[in-house]
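Okay, structure first, notes after.
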2 protein chains.
Amino acid sequence: MPSRAIVSRALADLFRQLAHADRLRLIEELRQGERDVTTLAQALALPTSRVSQHLALLRAHRLVEERRDGRNHVYRLAQPFLADWILEALPLVDVRARLEEAEHIDAARALWSAPGPNSSH
Amino acid sequence: MPSRAIVSRALADLFRQLAHADRLRLIEELRQGERDVTTLAQALALPTSRVSQHLALLRAHRLVEERRDGRNHVYRLAQPFLADWILEALPLVDVRARLEEAEHIDAARALWSAPGPNSSH
DNA sequence: TGCAAATATGCAGCATCTTGCAAATGTGAG
DNA sequence: CTCACATTTGCAAGATGCTGCATATTTGCA
């Protein structure tokens with residue numbers, strides 16, 4: 001009865017595709033509707049080649065679908081439920097600690113970039 | 001406003017922990033209640049050292065919690081919702097194709113292991 | 001104390017993923 | 001047909017993850 005192991009592998013494959021911040025952000029963008037590669041690349045501030053590679057991965061796993069419009073390739077979520085389901089995971093993740101940590105970093109950076117009169121300490 | 005990127009990274013970290021069939025099966029086992037390492041290792045047919053490593057990872061990300069009982073270490077899900085949420089992903093994954101593929105493999109294996117009278121072909 | 005069971009940890013080889021860049025392909029406009 | 005734009009693909013180096021095995025560490029018991 002290897003079905004348990006097979007299902008686990010299938011799920012693990014899915015999770016591996018989602019285990020990358022850029023790809024998650026792509027899915028989040030596509031949640032708002034169809035987008036072409038250049039638009040996505042601008043939104044994420046990434047080179048189009050990288051975005052294209054990520055999209056190829058997601059497409060290979062049937063998470064997104066593609067259609068051509070003129071010389072653009074327009075992508076959309078194959079199953080919009082995917083994006084909803086991902087957001088359901090937010091309570092599982094310790095976002096608060098990370099945001100606070102980022103704010104500390106921002107604060108530290110602000111101190112560095114705007115040194116006071118007696119910056120010699 | 002890097003909060004979007006931060007949340008994406010946090011989610012990606014979570015997905016990375018879940019992107020391994022053994023760890024998913026561990027979570028599935030723990031869904032049914034507390035288990036010690038040896039029991040888990042037997043259930044998954046894995047060496048205890050491997051199970052221990054997986055559990056250490058999951059524990060580092062606060063997905064499981066540990067308690068000692070005699071000389072055993074008993075693990076439990078930190079947030080039982082995790083297991084439910086994972087199962088919600090099943091419709092997103094093409095399990096059917098994989099199961100059929102596995103059945104084809106089984107069928108092929110059966111043909112090989114039980115060769116007919118004219119097996120030379 | 002000393003032994004054995006239960007877990008955990010360290011490490012090296014291997015596999016996989018990521019990244020940046022260059023080059024190739026495809027496609028509409030003139 | 002040719003050009004320019006949009007997208008994809010190929011590749012090598014570096015980073016990260018996995019596996020198997022050996023060795024610690026911890027704890028209960030005699």
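Below, read A as the first sequence line, B as the second, and so on, with proteins coming before strands; counting in each chain starts at 1. Worth knowing before you read on, the calculation uses all heavy atoms, side chains too, and leaves out hydrogens, waters and symmetry mates.
Rounded to whole Å, the distance from CZ on B/Arg67 to P on D/dT27 is 15 Å. In this structure, B/Arg16 places its CZ atom 9 Å from C1' of D/dT16, rounding to the nearest Å. A/Asp69 places its CG atom 15 Å from the C1' atom of C/dG26, with the value rounded to the nearest Å. Rounded to a whole Å, the CG atom of B/Asp36 is 12 Å from the C1' atom of C/dA5. Here D/dT16 presents its P atom at 21 Å from CZ of B/Phe15, a figure rounded to the nearest Å. What separates CG of A/Asp22 from C1' of C/dC17 is a distance of 13 Å, to the nearest Å. The CZ-C1' distance, from A/Arg35 to D/dA6, rounds to 18 Å in whole Å. Counting to the nearest Å, the P atom of C/dA8 and the CG atom of B/Leu46 are 15 Å from each other.
Closest approach of B/Ser52 to B/Val37, counting heavy atoms only: N-CG1, 4.5 Å. When every heavy atom of B/Pro47 is checked against every heavy atom of B/Ala41, the shortest pair comes out as C-CB, 4.4 Å.
When Watson-Crick and G-U wobble pairs are counted only if both distances are under 3.5 Å, D/dA30 pairs with C/dT1.
Closest contact between the side chain of A/Arg71 and the listed nucleotides D/dC18, C/dA5, D/dA6 involves D/dA6. With distances taken from any side-chain atom of B/Thr48 to the nucleotides C/dT7, D/dT19, D/dT9, the minimum falls on C/dT7. Residue A/Ser52 has its side chain nearest to D/dT7 when only D/dT19, D/dT7, C/dC17 are considered.
Residue A/Tyr75 places none of its side-chain N or O atoms closer than 4.0 Å to OP1 or OP2 of D/dA6. In terms of phosphate contacts, A/Asn72 brings no side-chain nitrogen or oxygen within less than 4.0 Å of OP1 or OP2 of D/dC5.
Across all strands, B/Glu66 comes closer than 4.0 Å only to sugar-phosphate atoms, never to a base (heavy-atom distances).
With A/Trp85 contributing its side chain and A/Pro80 its backbone, the two residues share no donor-acceptor pair below 3.5 Å. Formation of a donor-acceptor pair under 3.5 Å by the B/His61 side chain with backbone atoms of B/Leu63 is not found in this model.
Of the two residues near DNA chain C, A/Gln53 and A/Arg68, the one whose nearest nucleotide lies more 5' is A/Gln53. Positionally, the nearest nucleotide of DNA chain C for B/Leu55 lies more toward the 5' end than for the other of A/His20 and B/Leu55.
Ionic pairing of B/Glu66 and B/Arg76 is not present here: no N-O contact between side-chain nitrogen and carboxylate oxygen is shorter than 4.0 angstrom.
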